[in-house]
Protein chains: 2
Amino acid sequence: MIRDVLDRVGDKWSLLVVATLDGDTMRFSELLRHIPGISQRMLTLTLRQLERDGLVTRTAFAEVPPRVEYALTALGRTFVDIAHTIARWAITNHPTIEESRAAYDAR
Amino acid sequence: MIRDVLDRVGDKWSLLVVATLDGDTMRFSELLRHIPGISQRMLTLTLRQLERDGLVTRTAFAEVPPRVEYALTALGRTFVDIAHTIARWAITNHPTIEESRAAYDAR
DNA sequence: CCGTATCCCGAATGATACTG
DNA sequence: CAGTATCATTCGGGATACGG
């Protein structure tokens, strides 16, 4: 069950998508532009997962050309908090980790 | 750089090893027994990474038969805090996520 | 006891082309 | 525009066997 969450935290794109969505709602193509390196395919798959888990809402407008907007849910926003916690830890301890790695690799 | 941390958080065994090591120091074979499903190979690889990143210390005793003890560093213990944060979130929101999935799959 | 070395398979991801 | 389909590739990780 915690694995479940970790699989989402740990996968390559979920956290990035959620973080990018933090604050404002965005269209598919906007997300594609704002997340460097993500493929159309992976953006679709990631958004579907996040939607299924209730972290993101998907709103399609019946227009031509099509428009689809994505936004965080309340749950999604609490998930962002987790992300921030991890990010803070990463930033704080990155120097220490790098030192440790350098020392280890020196052997 | 945050990816770095997430790769550790997200991989299959690191968090489990760190959590198991929380509190007391343990031998290799003890870890193997306490973590169901982990292979010797993955335990070794995971411990090496954690050691390299400075989250775990490895102490080998020159005895026969060999004895090797693993323990968390101070940094490793702060990492456990992150794990707890994630675990709390998982436990709190698991029901909501399950509901959301069920609703999604119903379509 | 504590690993390392190989082989291997399936899942995850990327690239590319096509469509409502 | 916002996807889906398909193919090719990479890679994490399991099984197994061997070694200091």
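Reminder, nothing fancy here: chain letters follow the sequence lines and each chain counts from 1. Keep in mind it's a predicted model, so treat the numbers as computed, not measured.
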Quiz item: Does B:Y70 make a side-chain N or O approach to OP1 or OP2 of C:dG3 shorter than 4.0 Å?
Solution: yes
Quiz prompt | A:R58 vs D:dG3: side-chain N/O to OP1/OP2 distance below 4.0 Å | solution = yes
Self-check item: Electrostatic pair A:E98-A:R101, nearest N-O below 4.0 angstrom
Solution: yes
Quiz prompt | Pair A:S14-A:D11, side-chain donor/acceptor within less than 3.5 Å | solution = yes
Quiz item: Expressed in angstrom and rounded to an integer, what is the separation of B:R67 atom CZ from C:dC2 atom P?
Solution: 10 Å
Self-check item: Min side-chain heavy-atom separation B:T25-B:Y70 under 4.5 Å
Solution: no
Quiz item: A:L43 CG to D:dC1 C1': how many Å, rounded?
Solution: 13 Å
Self-check item: Cationic N near anionic O, under 4.0 Å, A:R48 to A:D53
Solution: no
Quiz item: Over how many whole Å does the gap from B:R48 atom CZ to C:dA5 atom P extend?
Solution: 11 Å
Practice problem: Measure from CD on A:E63 to P on D:dC1 and round the result to the nearest Å. | Solution: 13 Å
Quiz item: Where the side chain of A:P66 is concerned, which of D:dA2, C:dG3, D:dG3 is the nearest nucleotide?
Solution: D:dA2
Self-check item: Lys/Arg-Asp/Glu bridge criterion (N-O < 4.0 Å) met for A:R67, A:E69
Solution: yes
Exercise. Take atom CD of B:E69 and atom P of C:dC1, then tell me their distance rounded to the nearest Å.
Key: 15 Å
Quiz prompt | Residues B:K12, A:D7: salt bridge by 4.0 Å N-O rule | solution = no
Quiz item: Just how far, in rounded Å, is C1' of D:dG12 from CG of A:D7?
Solution: 13 Å
Quiz item: Taking CG from B:L47 and C1' from C:dC2, how many angstroms apart are they, rounded to a whole number?
Solution: 11 Å
Quiz item: In B/S/- notation, 5' to 3', how is nucleotides 6-19 of chain C contacted by protein heavy atoms closer than 4.0 Å?
Solution: B------BBB----
Quiz item: If you check the B:T44 side chain, which of C:dT4, D:dG3, D:dC1 turns out closest?
Solution: C:dT4
Exercise. Please state how far atom CD in B:E51 lies from atom C1' in C:dG3, giving the value in whole angstrom units.
Key: 13 Å
Exercise. Work out which heavy atom in B:L50 is nearest to a heavy atom in B:R8; give both atom names and the distance.
Key: CD2-CD, 4.0 Å
